[in-house]
Structures are given as structure tokens and as C-alpha cells.
Asker: 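Here it is, the structure, as C-alpha cells.
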2 protein chains.
Amino acid sequence: MKRIQILKAGLKLFVTQGLHSVTIAQIAAEAKVGIGTVYRYFNSKEDIVQQIWVQQKSEESSYVFQDYAPLGTIREQFDFLWERVIRYFLEHPLEYQFSYQFAASPILTKEIHELAMKDFLQFDELYEKGLKKNLFKPLTARRLRLFTFSTINGWILWALDEKMVLDDTTITMFLQMSWDSISVA
Amino acid sequence: MKRIQILKAGLKLFVTQGLHSVTIAQIAAEAKVGIGTVYRYFNSKEDIVQQIWVQQKSEESSYVFQDYAPLGTIREQFDFLWERVIRYFLEHPLEYQFSYQFAASPILTKEIHELAMKDFLQFDELYEKGLKKNLFKPLTARRLRLFTFSTINGWILWALDEKMVLDDTTITMFLQMSWDSISVA
DNA sequence: AAAAACTGACGGAATATTCCGTCAGTTTTT
DNA sequence: AAAAACTGACGGAATATTCCGTCAGTTTTT
């Protein structure tokens, strides 16, 4: 419980103030917890960041894959999953910003990334199936997934930045754009 | 001269170690400059980051728009400019990572972003022309530009990460994907 | 030779981290 | 079943450590 409080507090502060200007004492205060307690659960500020990342990716994937069954056409599955990703981030702007800001941070090792990403590998199965049916441009499943993700990722960034209203029509168009970019003409 | 040395040193250290773990003394050492000298040119670490950003975007845009003349088809202009963007980043991985890592940082204010982005507005003219000819999906020029940029941005991230070999064929395909995502079917 | 630029040792403020007493809850003893 | 002993999470004061930013002395430029 306290551990989660600390993670949430850290996430909020890191996103709004930037890693370097957040002190452990601030995190403790925001989490309504003693400073010592922070050290009971974490070794350092970097450790907190790493654990937020893992926790975060885990929450994301639960949301995305909840009730997911790979039925229907590839396109339907594609839309189902990516729409979930989009909605998750739009509903959790703080978490999104954290995700964006730290994705390329040197604090997160390759090991942490792999650990955190393992739940997202289901995406690759989808792309594999699409490739077999010659729906996609000739890249590996992994690369197609990364491509779609980075597209969506950047798009959400400015959608939040410009406080765009994201109704169903907009999201549908966006999924169409993502699809068009990887599918064969 | 020393100012530029400091900016380059800061960029390198921030990217490889992360903002919070880089000290002014480290930057001074890397730049082969006294600590006091850093304070002669900059007020703080945050100030250094902001000035790196501005400097960086300025170098990028010089590279991208060098010898650019809006001739030929929209598609040709599109390819010309975005290929330049891609090549710039591929040739400057450190600069790319800096750009990626700090794009969403709370250190960079809206003012800094606007200042740094003003040289890239030429892109919007291109998109405006394309919109007039009904080549693109019905979004604003600004949004189409941001969309393409985020696509390319994310793509370069994993290209560098996976140490992909980026020959002309790959770049051509990639430009095709970016084009496909915004053009009308 | 005067002014400007530079250097890096140093003091002290800021911050991280440790350490220990407290106390609510649990287990053992009587 | 009451009392005593035990446990370990917790908080925050104390301490260790880092890091900033200044400034006296030095070098370079004009």
C-alpha cells in the first residue's frame, strides 16, 4: 500500500517537475509517508523510477488486453488493441507523460525494458498473422509493432498538448492512418 | 567557442547519464573549461538544457532546409525534406536522443518550443499546398506535420536502438509509409 | 597596462541516506 | 484469558555526502 503510494507520488512529481528537481523528501511528503519508509521500499531515486516504469507497463497491459480475444479479422483485432492503448493514455495523461519522458532515459536498462515489455508481445502474434496474409509491408512483426506504437505515441503527445477533443470519429481516423501506414497498397 | 563546447559537452552527458546525475563540474571537465566559465555563460543546469535545445533545433533546420527550393511535386518536396530530417538524425544519434528525451521535459517552456520551432514552419506551407490539391486527409497542416514528425521520430528511435542498417531502400520505404499514412486513398 | 576572460579551490546550502526509538499488532508465556 | 515478550513497519532527527556558485588569483586579449 505505502509502496504504491510512493510510486504514484513519484510519478506525479517526476512528470510535473522533472527528475532532477524532485527530492526524496518531496516524494515522501506527497505520498504522506516518512522519509525512512521510502528507503524501506526503494534504494534510490533511480530505483523508484525503474519500479514506476515496470508498474506502469503492467497496468497498461492489463487495461489493453482485458477481455481481449483474438477473434474476427486482423483489422478488427488491430483496432481493438490500439484503441485500448489510445484510450488508456488519453484517460491517464500523467502516466502517458511519464511513459514518454522516460522511454529513452538512460536510467532504464535494457533488462528493465524487456521485463516491462513482455506483456505486450501478444501484439506480435497479431502482426505475424497479418504478415502471413500479406496484409502488411515486408518488415518483421516486431518492427511493425514498434512502428505503429511510435506513430500512436507521438500522436497522443500532441493531442494532449493541444488539448484536442478526441471523439470516436477522430480515433477512428487515426487508427485508419496507422493502418494505412503499414498495410500494402 | 567555449559556449559551444559547453553546450556540446552538456548534450553528450545529459543523453548518456541523464539530467539529474550530471553535475556542472562534470560538464566543465568534459568541455575542458573551468567551472566558473560555465557560470559566465549559463545561469543553471536548466538554462544549459534550454540553450542546447534552441541551438540544436537551429542546427537541425539549417541542415534540413539547406538548398531547399519548393519545386517539383508535393511528393518530391515531401521526400526531400523528410529525408533530410531522417539523415540528420541518423548521422547525429546523440543529438537525436537529446531531442527525443527532452521534447516532453517540463524544463522546456512553451516559449522555448515556439522559438526553436519557428524555422520548421516551412513544412506547413508544403502541407497547405497538399491540402489544396486534396492529397491529404482532412486535418490541419500543423497536425499533418506533427503526425509525420512523430511517425518519423519514433521510427528513428528504434532504428538506432536496433542498430538497423538504413540504406536508401529502407529510407524510401519509410517515406512511403509516412506518406501513405496521411494521404487519401 | 588595463580590461576581459578564465580557473578551480572552497564554503555552505541542499540533499541523500542512515539509524534508532516508538508503537500497533502478533505471538508466546503464565 | 491476561500479561509479557516479541516483531518489524514507520517516522523523522541526525549525519553523511553531494553539488552549487562564488571569488581571489591567473591568464589571455585588447
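Values below: every heavy atom of this structure, side chains too, minus hydrogens, waters and symmetry copies. Everything numeric in this text was worked out from a predicted model, so none of it was measured.
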Asker: If a protein heavy atom is under 4.0 Å from the base, mark B; if only from the sugar-phosphate, S; if neither, -; do that for nucleotides 5-19 of chain C going 5' to 3'.
Answerer: SSBB------SSBB-
Asker: The criterion is salt bridge (Lys or Arg N to Asp or Glu O under 4.0 Å); which residues satisfy it with A:E95, sequence neighbours excluded?
Answerer: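 For A:E95, no residue satisfies salt bridge (Lys or Arg N to Asp or Glu O under 4.0 Å) once neighbours in sequence are set aside.
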Asker: Considering only nitrogen or oxygen atoms on both sides, find all protein atoms under 3.5 Å from nucleotides 24-30 of chain D and state each distance.
Answerer:
none

Asker: Considering only distance and modelled atom types, tabulate donor-acceptor pairs under 3.5 Å from the side chains of residues 25-32 of chain B, sequence neighbours left out.
Answerer:
unit_1, atom_1, unit_2, atom_2, d
B:Q26, OE1, B:T23, N, 3.1
B:Q26, NE2, B:Q17, OE1, 3.3
B:E30, OE2, B:K12, NZ, 3.2

Asker: Strictly by modelled atom types, are B:S181 and B:K137 linked by a side-chain donor-acceptor pair under 3.5 Å?
Answerer: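 There is no such pair between these side chains.
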Asker: Determine all donor-acceptor pairs shorter than 3.5 Å in which one atom belongs to a side chain in residues 62-71 of chain A; sequence neighbours excluded.
Answerer:
unit_1, atom_1, unit_2, atom_2, d
A:S62, OG, A:S58, O, 2.8
A:Y63, OH, A:E91, OE1, 3.2
A:Y68, OH, A:Q77, OE1, 3.3

Asker: Could you pull out all residues at least two apart from B:T109 that satisfy side chain to side chain contact (heavy atoms under 4.5 Å, CB included)?
Answerer: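 For B:T109, the residues satisfying side chain to side chain contact (heavy atoms under 4.5 Å, CB included) (neighbours in sequence not counted) are B:Q50, B:E111, B:I112.
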Asker: Please list, chain by chain and in numerical order, all residues satisfying side chain to side chain contact (heavy atoms under 4.5 Å, CB included) with A:T172, sequence neighbours excluded.
Answerer: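 In terms of side chain to side chain contact (heavy atoms under 4.5 Å, CB included), with neighbours along the sequence ignored, A:T172 is linked to no residue.
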Asker: I'd like to check the ring-ring contact (aromatic ring centres under 6.0 Å, His included) partners of B:F102; sequence neighbours left out, ordered by chain and number.
Answerer: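 Result, ring-ring contact (aromatic ring centres under 6.0 Å, His included) vs B:F102: B:F98.
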Asker: Using the test side chain to side chain contact (heavy atoms under 4.5 Å, CB included), find all partners of A:L157 that sit at least two apart in sequence or belong to another chain.
Answerer: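 Side chain to side chain contact (heavy atoms under 4.5 Å, CB included) list for A:L157, sorted by chain: A:Y96, A:Y100, B:A104.
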Asker: B:H20: what forms a ring-ring contact (aromatic ring centres under 6.0 Å, His included) with it, not counting sequence neighbours?
Answerer: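 Scan of B:H20 (ring-ring contact (aromatic ring centres under 6.0 Å, His included), adjacent residues dropped) gives none.
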Asker: Would you write out the dot-bracket form of DNA chain C, 5' to 3', with Watson-Crick and G-U pairs under 3.5 Å, [ ] for crossing pairs, | for pairs to other strands and . for unpaired bases?
Answerer: ||||||||||||||||||||||||||||||
Asker: I'd like to check the side chain to side chain contact (heavy atoms under 4.5 Å, CB included) partners of A:E83; sequence neighbours left out, ordered by chain and number.
Answerer: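 Once residues adjacent in sequence are excluded, the partners of A:E83 under the side chain to side chain contact (heavy atoms under 4.5 Å, CB included) criterion are A:R87, A:I171, A:L175.
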